[in-house]
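Taking it in order: structure first as C-alpha cells, then the write-up.
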Amino acid sequence: MGIGLYHHPLFARHAVPQGHPERPERVRVIEAALKKAALPEASWHEAGAAKEKDILRVHDPAHLESLKAADQQARKGGGLVSLDADTWMGPESLAAALHAAGAGIMSTRAVLAGTHLRAFCIVRPPGHHAEQARAMGFCLFNNVAIAAAWALEEGGLSRVAIVDFDVHHGNGTQAIFWNEPRVLYCSSHQSPAYPGTGEETERGAHDNIVNCPLPPGSGGEAFRAAYRERILPALAAFAPELLLISAGFDAHAADPLASLRLHEDDYAWVTLELVKISEKAGHGRIVSMLEGGYDLEALAASSAVHVRVLTER
Ligand SMILES: [Zn+2]
C-alpha cells in the first residue's frame with residue numbers, strides 16, 4: 001500500500017524574519033532528499049486546508065480569531081507580525097498553518113481508508129508547542145493534535161497514540177490531551193530545555209502521558225533506553241488503533257538548537273520500533289508529521305531515513 005507524502009507550496013511561503021531557524025528551506029531540502037531517494041511505492045499529495053471545525057476541536061475560538069487578526073495585519077502591512085519572540089506570521093502564514101493542519105487530517109483519512117498504510121507530512125509551521133489558546137515556539141496550530149482529534153471524532157477510533165521524538169517537549173499536545181483517556185502521548189526530549197515542561201511526574205489525568213526527559217549531552221544509548229524501558233511498553237499496552245508521530249529531527253548531533261547527540265541510525269531504529277508496535281497492534285498504520293530540525297543537512301538525511309523505514313517495512 002506504500003506511503004503517502006503530503007506537501008503544499010504554501011509551506012515554503014510561511015515567512016519568518018531573516019536568520020530564523022524555522023525557515024522555508026527546511027521543507028525544500030526534505031522534499032529534495034525524498035525525491036532523490038526515489039522510494040518505491042511513495043505517492044505525493046497536495047494537502048488541503050483544515051476547516052474551522054477541525055481547528056476548533058482542539059483550539060479555543062479566541063485563538064483562531066487572534067491568528068485571523070494577525071493575518072489581517074500581516075496582509076495589510078505586507079510584512080511580518082510577531083506573536084512572541086520566536087513565533088511570527090507573514091501574509092501567507094495563516095493559509096500555510098491551515099494547510100499544515102489539513103495535511104494531518106487528509107493523510108489520516110487516507111490511512112484509515114487504506115489508500116496507503118503510512119504517511120509523512122512535510123509541513124511548516126510545526127505544531128507541537130501550540131496550546132489550546134496560544135501560539136508559541138514557532139507553532140500556530142497543533143497539527144498532530146488536530147489529526148488525533150479528527151481520528152477520534154470523524155475517523156471512529158477510540159485509541160490514538162502520539163509519539164514525539166522532537167528534542168523539545170510537546171507542551172501543547174500534552175496540555176490538549178491531559179484529560180483525554182483515548183489519547184496516549186509519549187515524548188522523549190532534552191531537559192532542561194525549551195519549553196520547560198515534560199517532567200516524568202507529568203502523567204496526565206488518566207496516566208495517559210509518558211515523559212522521558214533526557215539530560216543535555218545524552219546520545220543514542222540513553223534515547224534508545226528511554227524507548228525500550230518506558231515508551232515502547234506503554235505503547236504496546238495501549239494498543240493504539242493509529243500511531244501518530246511528531247517527527248522533529250532537532251535531537252540530531254548537528255542541530256544548533258539543542259544538545260542531544262542522535263544520528264541517522266537512531267532515527268532509523270526508533271522508526272522501526274514504532275512500526276513494529278503498530279504492526280503488533282494489528283494494523284501497521286502510522287501518520288508522521290514534521291516538527292523541528294534546524295540543521296538542513298541533518299534534517300534532510302534524518303527525514304529520508306525515517307521515511308525509508310516507514311516505506312520499506
Ligand atoms: Zn524542537
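No hydrogens, no waters, no symmetry mates; every other heavy atom, side chains included, goes into these values. Both counts, for ligands and for their atoms, begin at 1 and track the order of listing. Keep in mind that what you see is a predicted model, and the values were worked out from it rather than measured.
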- Would K53 count as a cation-pi partner of W150, with NZ or CZ less than 6.0 Å from the six-membered ring centre and within 45° of the ring normal?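 The answer is no, since K53 fails at least one limit relative to W150.
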**Prompt:** With respect to the Zn ion (ligand 1), what is the nearest N, O or S atom of D166?
**Reply:**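 Of all N, O or S atoms belonging to D166, OD1 is the one nearest the Zn ion (ligand 1).
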- Item | Among the N, O or S atoms of D250, the one nearest the Zn ion (ligand 1) |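 Of all N, O or S atoms in D250, the Zn ion (ligand 1) lies closest to OD2.
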Does H168 bring an N, O or S atom to under 2.8 Å of the Zn ion (ligand 1)?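 Yes.
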Task: Verify same cluster id: Y194, L262 (apolar side-chain graph, 4.5 Å) - done: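 Different clusters.
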Discussion item. Less than 4.0 angstrom from a charged side-chain N to a carboxylate O is my criterion; do E52 and R57 meet it?
Written reply: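 Salt bridge: no.
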Original post:
Salt bridge between E92 and R124, side-chain N to carboxylate O under 4.0 Å?
Top reply: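 No, E92 and R124 are not salt-bridged.
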